[in-house]
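See structure below.
Computation of the quantities below employed the complete heavy-atom set of this structure, encompassing side-chain atoms and omitting hydrogens, waters and symmetry-equivalent molecules.
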Amino acid sequence: MTVYRLHYFPESGNSYKLALMLTLCGRSFEPVWTDFGGGVTRTAEWRSTVNEMGEIPVLEEDGERLTQTAPILLSLAERYGRFNAHDAKEQFGILRWLFWDNHKLTSYLATYRYSRAFTPSPDPYVQNYFRKRIDDYLAILDRHLQNRSFVVAERATVADISMVGYLSFPKEETGYDLAATHPAVHAWLGRVAKLPNWRSPYDLLPGK
């Protein structure tokens, strides 16, 4: 059985995506807390020994270090036959939404939330710019989910697991009350939360 070690920090939605995927697939992992706030990922030593890209998360599989959340999710889906595509059309759909999520939703929401919740004085002009972009992306997602249960298929796929990552944190951090502003997104998050073995971010990856 593959032995997993997940280098993470608890505020990272991308760390949560991998932890959730492993948990939903019934796989255990050793959590390796990383002092992201203290700047360890920016050190030459960490980049030479853990991840040359200077990013969290890092998933070790039997000692081999893997980086970049989306391809890791796809690899795990293929390995365990869970949350994967059933045909070429679904595979295209999964890739389409994964790329959109990484370029649009996760990219802007992660930065906006980090500045809003974890920095002392975020620039209001920058935050307003991010907020307008996120509003647009959430509106796109809300419309897409109005007449479907999940993003790509009538069951959850890795596209869903990726896209819930940063939307699963408390509204006090994200600044969004999705039940009030984006009801289809809120309902979808509820469906994902009913998947067997689902756990919330800070329950699954506690801090120090």
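Residues S162 and D101 bring a donor and an acceptor atom of their side chains to less than 3.5 Å of each other. A donor atom on one side chain and an acceptor atom on the other are found under 3.5 Å apart for T106 and K17. Judged purely by distance below 3.5 Å, without hydrogens or angles, the side chains of Y176 and R131 pair a donor atom with an acceptor atom. For W188 and D160, the side-chain atoms include at least one donor-acceptor pair closer than 3.5 Å.
Two residues are said to be in side-chain contact when any heavy atoms from C-beta on lie closer than 4.5 Å; L59 and R65 fail this criterion. Within the 4.5 Å cutoff, the side chain of S115 has no heavy atoms near those of the V126 side chain. Inter-residue side-chain proximity for S107 and N102 is flagged as unmet; no heavy-atom pair is nearer than 4.5 Å. Taking 4.5 Å as the limit, every side-chain heavy atom of V192 sits out of range of all side-chain heavy atoms of I161. In this structure the side chain of L138 reaches within 4.5 angstrom of the side chain of L105, judged on heavy atoms. In this structure, the side chains of V50 and V40 stay at 4.5 Å or more apart for every pair of heavy atoms. Using a 4.5 Å cut-off on side-chain heavy atoms (C-beta onward), E11 and E173 make no contact. Proximity of T174 to L167: side-chain heavy atoms (C-beta onward) are nowhere separated by under 4.5 Å.
Side-chain N or O atoms of T157 include one that pairs as donor or acceptor with a backbone N or O of A159 at under 3.5 Å. No donor-acceptor distance shorter than 3.5 angstrom exists from the side chain of S75 to the backbone of P71, with no hydrogens or angles considered. In this structure, the side chain of R199 engages the main chain of D203 through a donor-acceptor pair within 3.5 Å. No side-chain donor-acceptor contact under 3.5 Å links R96 to the backbone of Q91. Between the side chain of D62 and the backbone N or O of V3 there is at least one donor-acceptor pair closer than 3.5 Å. Put simply, the side chain of R191 gets close to the backbone of S149: a donor and an acceptor are under 3.5 Å apart.
E52 is linked by a side chain to side chain contact (heavy atoms under 4.5 Å, CB included) to nothing, counting only residues two or more places apart in sequence or in another chain. For F29, the ring pair (Phe, Tyr, Trp, His ring centres under 6.0 Å) criterion is met by no residue, not counting sequence neighbours. Residues forming a ring pair (Phe, Tyr, Trp, His ring centres under 6.0 Å) with Y137 (at least two apart in sequence, or on another chain): Y108.
Checking each of E60, E55, E30 against H7 for a side-chain hydrogen bond (donor to acceptor under 3.5 Å, both in side chains) leaves exactly one that passes, namely E60. Considering R27, R79, R5 as possible partners of E61, the one that fulfils the salt bridge (Lys or Arg N to Asp or Glu O under 4.0 Å) test is R79.
Ionic pairing of E172 and R116 is not present here: no N-O contact between side-chain nitrogen and carboxylate oxygen is shorter than 4.0 angstrom. Between K132 and D136 there is no salt bridge, since no side-chain N of the basic residue sits under 4.0 Å from a carboxylate O of the acidic one.
For the atom pair CG (N14) and OG1 (T67), the distance works out to 11.5 Å, reported to the nearest 0.5 Å. For the atom pair L195 CG and L24 CG, the distance stands at 6.0 Å (nearest 0.5 Å). Taking CG from L109 and OH from Y114, the interatomic distance works out to 15.0 Å, rounded to the nearest 0.5 Å. Taken from OG1 in T119 to CD in Q127, the straight-line distance is 7.0 Å, to the nearest 0.5 Å. Atom OH of Y166 and atom CZ of R113 lie 6.5 Å apart (nearest 0.5 Å). In this structure, the separation between NE2 on H186 and NZ on K171 is 9.5 Å, given to the nearest 0.5 Å.
Ring geometry for W100 against W97 counts as perpendicular: the plane angle is over 60°, on a 0 to 90° scale with 30° as the lower cut.
Checked against a 6.0 Å centroid threshold, the rings of Y16 and Y8 do not count as neighbours.
Heavy atoms only, all atoms of each residue included: E90 and A153 are closest at OE2-CB, 3.8 Å. The two residues P183 and D142 come nearest to each other via the heavy atoms N-OD1, 3.5 Å. Closest of all the heavy-atom pairs between A77 and V158 is CB-CG1, 3.7 Å. Taking both residues in full, the closest heavy atoms of D123 and Y125 are given as OD1-N, 2.9 Å, listed atom of the first, atom of the second, then distance. Between L18 and P57, the shortest heavy-atom distance links the atoms CD1-CG, 3.6 Å. P206 approaches P10 most closely through the heavy-atom pair C-CB, 4.0 Å.
Grouping the Ile, Leu, Val, Met, Phe, Trp and Tyr side chains by contacts below 4.5 angstrom, directly or via other members, places V58 apart from M53. The hydrophobic cluster containing L73 does not contain F92, counting ILVMFWY residues as joined when their side-chain heavy atoms lie under 4.5 angstrom apart, directly or transitively. One hydrophobic cluster, built from ILVMFWY side chains closer than 4.5 Å, cannot hold both L20 and V32; they sit in different ones. When hydrophobic clusters are built by joining Ile, Leu, Val, Met, Phe, Trp and Tyr residues whose side-chain heavy atoms come closer than 4.5 Å, directly or via intermediates, F118 is grouped together with F169.
By the neighbour-count criterion of 12 heavy atoms within 6.0 Å, atom CZ of F99 is sparsely surrounded, having that number or fewer from other residues, nucleotides or ligands. Annotation for Y202: atom OH counts as buried by contact number, over 12 foreign heavy atoms lying within 6.0 Å. Within 6.0 Å of the NE2 atom in H144, the count of heavy atoms belonging to other residues, nucleotides or ligands exceeds 12.
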Evaluation steps, ring-ring contact (aromatic ring centres under 6.0 Å, His included), between Y112 and F130: CA-CA 6 Å; Y112 174 80; F130 285 149; 7.2 Å; no
Y4 vs L76, side-chain contact (heavy atoms from CB on, under 4.5 Å): CA-CA, chis, key distance, verdict: CA-CA 11 Å; Y4 293 105; L76 292 172; 3.6 Å; yes
Evaluation steps, side-chain contact (heavy atoms from CB on, under 4.5 Å), between W46 and I56: CA-CA 11 Å; W46 193 89; I56 286 292; 3.5 Å; yes
